[in-house]
Number of protein chains: 2
Amino acid sequence: MKKNCNFIEKLREVGLRPTKQRVKMCEVLYNRVKTFHFTINDLVKMLSEEMNQKISLATVYNTVHAFEKKGYLKEISIDSHRSYFDTNTSVHHHFFDEDTNELIDCDESDIDKINIRKNIIGKKINSVEVLVRVASDNQNQK
Amino acid sequence: MKKNCNFIEKLREVGLRPTKQRVKMCEVLYNRVKTFHFTINDLVKMLSEEMNQKISLATVYNTVHAFEKKGYLKEISIDSHRSYFDTNTSVHHHFFDEDTNELIDCDESDIDKINIRKNIIGKKINSVEVLVRVASDNQNQK
DNA sequence: CAACAGTTTAGAATTATTATAATGTAGATT
DNA sequence: AATCTACATTATAATAATTCTAAACTGTTG
């Protein structure tokens, strides 16, 4: 359970100071078996539950953005009201359950390789990501 | 140029009253050869330039959302800061140019059919959309 | 362990969006 | 065409989300 040394090193590696807030956030986000998705709101709740002292909202924003910039987190935007962060930072696809607002990772095998025929001159492709929106079968449409 | 009658009818068809603001918005959005993408901000600017009288911000929001709900517009969310509306409401794919913040529609032929292998029990697929992020070839990465 | 640079913090400021309540207007009714 | 009614528009206020600020604090370096 004391993998904090790893986090301290990891943070150093990307040039972020291992302050106690950042280490705590690493624990909350990465000390788990599976990667997962969260909103800023979710994270604030999780942190304030797990910590004895309170953490400032500004710090959560700053730290999440620092993590994102350094490639520790990836933003997945569903619509203007729903923006998630993903601890799985690889390029990968998602299902979005419109009933439960749940974002679900796809494995490599879930979606065949996407073949892009179009080529925009002078531009290179940075990423190709698919969002599959699903909803309950009975209560038709959204 | 006087296709307004069409707009009035179209609005009536989906149960929206053809008020002058709505008709004006239809003109600005749909009186063009190609479909296009815009933010609320873009639209407010376009409208205030094209109209003699000013239009309330609240009206723009209400009307855009009314159009979206009725299937006249489609929202495309790039990240938490960039949300576009698309006058092309069919399910289709996009390129996003990270240099210019420009959203570009894909034709059917640009991307091969996506094959989804995963099946979520009790859920049906509502849409499958691909976002291809591109950026300048020389100035590497973002 | 002193000094510095980067970090956290609370609260203020900013921005984007939505709600409110008064006024206006489209479309139906006469 | 005058009137009526329900829905729209408007300016403004309210709310929500995010960022800024400046002071206090804390890792890190030497």
Side-chain angles (χ1 to χ4, degrees), chain A residues 4-28 38-45 47-48 50-70 72-73 75-85 101, chain B residues 4-28 38-45 47-48 50-70 72-73 75-85 101:
Chain A
N4 297 8
C5 294
N6 293 350
F7 293 138
I8 291 174
E9 277 168 33
K10 276 194 119 181
L11 288 167
R12 282 228 178 81
E13 274 167 29
V14 295
L16 289 175
R17 274 204 210 162
T19 59
K20 57 173 174 295
Q21 286 84 349
R22 281 180 182 156
V23 174
K24 186 70 203 173
M25 276 183 56
C26 281
E27 285 176 41
V28 169
F38 61 93
T39 64
I40 295 277
N41 238 323
D42 297 336
L43 182 57
V44 170
K45 275 193 209 119
L47 284 169
S48 55
E50 288 231 0
M51 287 177 86
N52 28 2
Q53 52 189 308
K54 105 171 257 256
I55 188 165
S56 165
L57 187 58
T59 299
V60 179
Y61 274 99
N62 291 339
T63 310
V64 165
H65 289 147
F67 280 10
E68 195 204 355
K69 201 186 297 181
K70 296 299 185 177
Y72 275 35
L73 288 174
E75 188 178 4
I76 314 288
S77 190
I78 300 298
D79 61 35
S80 52
H81 296 285
R82 276 181 278 268
S83 188
Y84 293 84
F85 289 91
N101 278 350
Chain B
N4 298 9
C5 293
N6 292 349
F7 293 138
I8 291 175
E9 277 170 32
K10 274 194 121 182
L11 288 167
R12 282 229 178 83
E13 273 168 29
V14 296
L16 289 175
R17 274 204 209 162
T19 59
K20 58 173 174 293
Q21 286 85 349
R22 282 180 181 157
V23 174
K24 186 71 204 175
M25 277 184 55
C26 282
E27 286 176 40
V28 169
F38 63 92
T39 64
I40 294 277
N41 237 324
D42 297 335
L43 183 57
V44 170
K45 276 194 207 118
L47 284 169
S48 53
E50 287 230 2
M51 287 177 86
N52 28 1
Q53 53 189 307
K54 105 173 256 254
I55 187 166
S56 165
L57 187 58
T59 299
V60 179
Y61 273 100
N62 291 340
T63 310
V64 164
H65 289 147
F67 279 11
E68 194 205 355
K69 200 186 297 180
K70 296 299 186 178
Y72 275 34
L73 289 174
E75 188 179 5
I76 314 289
S77 190
I78 299 298
D79 61 36
S80 51
H81 296 286
R82 275 182 279 271
S83 188
Y84 292 84
F85 289 90
N101 279 348

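Throughout, protein chains are lettered first and strands after them, A, B, ... in sequence-line order, and every chain is numbered starting at 1.
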Have a look at A:Leu57 and say if it touches a base, only the backbone sugar-phosphate, or nothing, with a 4.0 Å heavy-atom cut-off.
base

How close or far is atom [atom2] of [N] from atom [atom1] of [X], stated in whole angstroms?
X       : N      : atom1 : atom2 : value
A:Ile55 : C:dT7  : CD1   : P     : 14 Å
B:Leu16 : C:dT25 : CG    : P     : 19 Å
B:Asp79 : C:dA16 : CG    : P     : 13 Å
B:Leu43 : C:dT17 : CG    : P     : 12 Å
A:Lys69 : C:dT7  : NZ    : P     : 10 Å

For the side chain of A:Thr63, counting heavy atoms from C-beta on, which of C:dT18, C:dT8, C:dG11 is nearest?
C:dT8

From the list C:dA16, C:dT8, C:dT9, which nucleotide is the closest neighbour of the side chain of A:Arg22?
C:dT8

Want to settle it: does B:Gln53 or A:Ala58 sit nearer the 5' end of DNA chain D, counting the closest nucleotide to each?
B:Gln53

Starting at the 5' end of DNA chain D, which residue's closest nucleotide do you reach first, B:Asn62 or B:Ser80?
B:Asn62

Between the side chain of A:Glu75 and the main-chain N/O of A:Tyr84, is any donor-acceptor distance below 3.5 Å?
no

Donor-acceptor under 3.5 Å (A:Arg22 side chain, A:Arg17 main chain)
yes

Are a donor atom and an acceptor atom from the side chains of A:Thr63 and A:Gln21 found within less than 3.5 Å of each other?
no

Does a side chain donor of either A:Thr39 or A:Asp42 reach within less than 3.5 Å of an acceptor in the other side chain?
yes

Opening and closing nucleotides of DNA chain D in contact with chain B, under 4.0 Å to non-hydrogen atoms:
D:dA6 to D:dT19

Any non-hydrogen side-chain atom of A:Cys26 less than 4.5 Å from a side-chain atom of A:Phe67?
yes

Could you check whether any side-chain heavy atom of B:Val44 comes within less than 4.5 Å of a side-chain heavy atom of B:Phe38, counting everything from C-beta outward?
no

[X] vs [N]: side-chain N/O to OP1/OP2 distance below 4.0 Å:
X       : N      : value
B:Lys20 : C:dG24 : no
A:His81 : C:dT18 : yes
B:His65 : C:dT18 : yes

Look for any protein N or O under 3.5 Å of an N or O in nucleotides 27-30 of chain C and output each such pair with its distance, or none.
residue, atom, partner, partner atom, Å
C:dG27, OP1, B:Arg12, NE, 3.3
C:dG27, OP1, B:Arg12, NH2, 2.6
C:dG27, OP2, B:Arg12, NH2, 3.4

Does a salt bridge link A:Arg12 with A:Glu9, judged by any charged N lying under 4.0 Å from a carboxylate O?
no

Atom CD in A:Glu13, atom CD1 in A:Ile8: separation rounded to 0.5 Å?
12.5 Å

Is the cationic atom of B:Lys10 (NZ for Lys, CZ for Arg) positioned less than 6.0 Å from the six-membered ring centroid of B:Tyr72 and within 45 degrees of its normal?
yes

